[in-house]
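Here, residue 1 is the first one in the sequence, and each next residue gets the next number.
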Amino acid sequence: MLKDCIYLDNNATTKVDPQVIEAMMPFLTDYYANPSSMHTFGGQLAKNVKVAREQIAALIGAQESEIVFTSCGTEGDNAAIRAALLSQPEKRHIITSQVEHPAVLNVCKQLETQGYQVTYLSVNEKGQIDLNELEASLTGNTALVTVMYANNETGTIFPIEEIGARVKEYGAIFHVDAVQAVGKVPLNMNTSTIDMLTMSGHKIHAPKGIGALYVKRGVRFRPFLIGGHQERGRRAGTENVPGIIALGKAAELEMLHLEEATKRERKLRDRLEQSLLAKIPDCVVNGDVKNRLPNTSNIGFKYIEGEAILLLLNKHGICASSGSACTSGSLEPSHVLRAMGLPYTTLHGSIRFSLCRYTTEAEIDQVIAIMPEIVERLRALSPFKNDEAGWLQQQEHTLVNR
C-alpha cells in the first residue's frame, strides 16, 4: 500500500531523490567529523559544505555567502522575521497577507501581543493581493513586509517584484517565503528586490530537517539562534552535514530538471483538471489559474466534505490533501480559501492535488477514473445536493457545535 500509493501531496513533502540519498550517505557513515574542527578531517567536511552552499546559491541566483543553513522553512521564516525587527527596533509595523503559512501568520499574531502593529492584506477570489492596499498600508514605520512567493494550497503566485518595488520605496525589509516556489519557478536573487528568502529541503526531494535562508549581502541580520560562530555568526549550532549535502545535491538536480519538469507537471495537472471538470458537475478550480505553480491544483467539489473525499481516495491508495499539512489537525475550513471568499458550498469540499517529477500519466488517469465515483457516492448520501440553503444551514450548525 505505502510503496504503491499514488502520491499527489507533494506540496506537503516530497520523496527523497535516490541520487540525493546516495550523495548524503557517506556523511552519515565515513565522513562524520565536525566541519568546524581545526583538523584536516573536519576541514574536508567544511569544503563539502561550501560546495553545497554554492549549489543552493546557483539554484536561486544568489552568492554563496548569502546562504544560511536552517533546519526547515518554519525556522527560516521565524529567523527572517525576527532578524528584520531586531535590526530596526525603532519600527513597529509589519505587513503580511491573510493567506500566509502558519509559520508566518502565527509569528505575526504573537508579535501583536508584544506591541507590534500587523496589517494583514486581503486577497480577492483568485487569492491575489491588491497592490493598492499594500501601497496604502506602507509607512515610514513599516519594518518588514513578509509574504509568500506562491501559495501552498492554491499555487497562486504573487507579483513579487512589483511588491518588492513598493516595499523598497519605504525602506522596509522584504522577506519572501518561497518554500513552494523554489525548484518550481526560475529565481534570480541577484536582480531581485527580495532581501530574505526561505526555502525547505523536503519540498525539493531532499530529506526533512534541512532548509536554507537567503540573506542579501548588506542586509543587517541579527541571529535567531544564539551560540557558536557557525554560518558566519548568523545561525548557531553544529551543521547538519548530511542534510546540507543532501540539500545541495537536490538543488543541483532541480536546476537540471526545472524546465522539463515544469512543462510535464503543468501538462499532467491541466489534464487532471480538465477531465474532472468535464466528468463531474458542480466543481471548480480554486485560485489564479493564469498565475500559479505548474504542479498545483485545488478543486472545490460542491455539497460534500473534503475529509470524506480524502478518506475514500485513501482507500484507493491515493494521497491528496485539503490544505496545509501544518493545519491538518484542525476541523476548520482552510484559512486560505476563506480569505478568498469561497462560498461554503465549495469551501468544505476543496481538495489539493500537488504533483512532482515522479508523477506519471497512468497515476493521473487512475485519479480521473476514480474521482467521479467518489463524488457521486458522497453526493448520493447527502440530503443537501442542489439545496444550497440546506447545505449552508448544515455547515453553520456543524461549526457552532465543534
Side-chain angles (χ1 to χ4, degrees), residues 60 77 80-112 114-181 185-198 214-216 218-221 286-293 335-342:
I60 64 171
D77 287 341
I81 292 169
R82 296 187 184 278
L85 300 179
L86 287 171
S87 67
Q88 307 170 92
E90 73 286 359
K91 295 184 176 183
R92 308 289 290 179
H93 180 225
I94 304 162
I95 298 175
T96 188
S97 85
Q98 295 178 1
V99 296
E100 299 302 310
H101 189 275
V104 169
L105 283 180
N106 287 340
V107 176
C108 289
K109 289 174 184 176
Q110 183 190 60
L111 288 167
E112 286 184 290
Q114 299 172 16
Y116 284 91
Q117 177 194 358
V118 182
T119 298
Y120 298 92
L121 300 174
S122 61
V123 295
N124 63 18
E125 69 281 358
K126 294 181 179 179
Q128 287 288 0
I129 66 169
D130 183 342
L131 293 175
N132 292 326
E133 184 186 359
L134 168 66
E135 188 105 46
S137 302
L138 286 160
T139 73
N141 189 43
T142 304
L144 170 72
V145 175
T146 173
V147 296
M148 53 178 37
Y149 198 108
N151 189 267
N152 50 306
E153 295 191 26
T154 64
T156 294
I157 295 175
F158 280 169
I160 290 299
E161 294 307 325
E162 293 179 59
I163 295 171
R166 286 163 170 76
V167 173
K168 296 296 103 179
E169 291 177 9
Y170 287 83
I173 289 177
F174 186 32
H175 165 247
V176 173
D177 178 341
V179 164
Q180 295 296 343
V185 295
L187 298 172
N188 188 354
M189 295 301 100
N190 288 327
T191 60
S192 177
T193 56
I194 296 171
D195 293 311
M196 290 188 279
L197 177 140
T198 304
Y214 158 80
V215 181
K216 186 187 288 290
V219 171
R220 288 180 294 170
F221 188 85
N286 301 321
D288 189 340
V289 295
K290 293 183 178 178
N291 299 289
R292 59 173 168 160
L293 297 173
H335 74 282
V336 173
L337 302 184
R338 276 185 291 162
M340 291 164 57
L342 264 64

Between A84 and M196, which heavy-atom pair has the shortest distance, and what is it?
-> CB-CE, 4.1 Å
Please name all residues satisfying side-chain hydrogen bond (donor to acceptor under 3.5 Å, both in side chains) with T193, sequence neighbours left out, ordered by chain then number.
-> E161
Apply side chain to side chain contact (heavy atoms under 4.5 Å, CB included) to A83 and list each qualifying residue two or more places apart in sequence or on a separate chain.
-> F221
Pairwise side-chain contact, F158 with M148, heavy-atom cut-off 4.5 Å (strictly under) | yes
For N190, check side-chain hydrogen bond (donor to acceptor under 3.5 Å, both in side chains) against everything at least two apart and list the hits.
-> Q63
Roughly how far, to the nearest 0.5 Å, is the CG atom of L86 from the CD1 atom of I81?
-> 12.0 Å
Taking H93 for the side chain and L138 for the main chain, is one N or O donor matched with an acceptor at less than 3.5 Å?
-> no
I163 side chain near I129 side chain, heavy-atom distance below 4.5 Å = yes
N151 side chain to V336 main-chain N or O, any donor-acceptor pair under 3.5 Å?
-> no
Kindly determine whether I160 and V147 satisfy side chain to side chain contact (heavy atoms under 4.5 Å, CB included), including the steps that lead there.
-> CA-CA 9 Å; I160 290 299; V147 296; 4.2 Å; yes
So, do T154 and M340 sit near enough that their side-chain heavy atoms are less than 4.5 Å apart?
-> yes
Applying side-chain hydrogen bond (donor to acceptor under 3.5 Å, both in side chains), name anything that partners N286, two or more places apart in sequence or on another chain.
-> N298, S350
Give a yes or no on whether the backbone of I95 and the side-chain of T119 come within a donor-acceptor separation of less than 3.5 Å.
-> no
Can you check whether I173 reaches L85 side chain to side chain, under 4.5 Å on heavy atoms?
-> no
Got a second to check how far D177's CG is from S97's OG, nearest 0.5 Å?
-> 10.0 Å
How about D77 and T198: does a side-chain donor come under 3.5 Å of a side-chain acceptor?
-> yes
Residues in side-chain hydrogen bond (donor to acceptor under 3.5 Å, both in side chains) with R92, at least two apart?
-> Y116
Residue pair L187, Y149: steps toward the side chain to side chain contact (heavy atoms under 4.5 Å, CB included) verdict | CA-CA 10 Å; L187 298 172; Y149 198 108; 3.5 Å; yes
So which pairs with a foot in residues 123-136 pass salt bridge (charged side-chain N to carboxylate O under 4.0 Å, His left out), sequence neighbours left out?
-> E135-R166
Measure the OG-CD1 distance between S137 and I94 for me, rounded to the nearest 0.5 Å.
-> 13.0 Å
With sequence neighbours excluded, tell me which residues meet side chain to side chain contact (heavy atoms under 4.5 Å, CB included) with K91.
-> Q88, N141, A143
Any H101 side-chain heavy atom under 4.5 Å of V179 side chain | no
Test: D195 and K168 ion pair at under 4.0 Å = yes
With sequence neighbours excluded, tell me which residues meet side chain to side chain contact (heavy atoms under 4.5 Å, CB included) with P186.
-> L258
Residue pair I157 / L293, side-chain heavy-atom distance below 4.5 Å | yes
NE2 of H175 to CG of L197, rounded to nearest 0.5 Å, is 7.0 Å
What heavy-atom pair brings G155 and A150 nearest, and what distance separates the two atoms?
-> O-CB, 4.2 Å
What pairs with Q110 under side chain to side chain contact (heavy atoms under 4.5 Å, CB included), at least two apart in sequence or on another chain?
-> R82, T113, Q114
Has the side chain of N124 got a donor or acceptor atom that lies under 3.5 Å from a matching backbone atom of Q128?
-> yes
I194 side chain near K216 side chain, heavy-atom distance below 4.5 Å | no
Of all heavy-atom pairs between S87 and P89, which one has the smallest distance, and what is that distance?
-> C-CD, 3.5 Å
Would you mind reporting whether Y120 and T96 have side-chain heavy atoms less than 4.5 Å apart?
-> yes
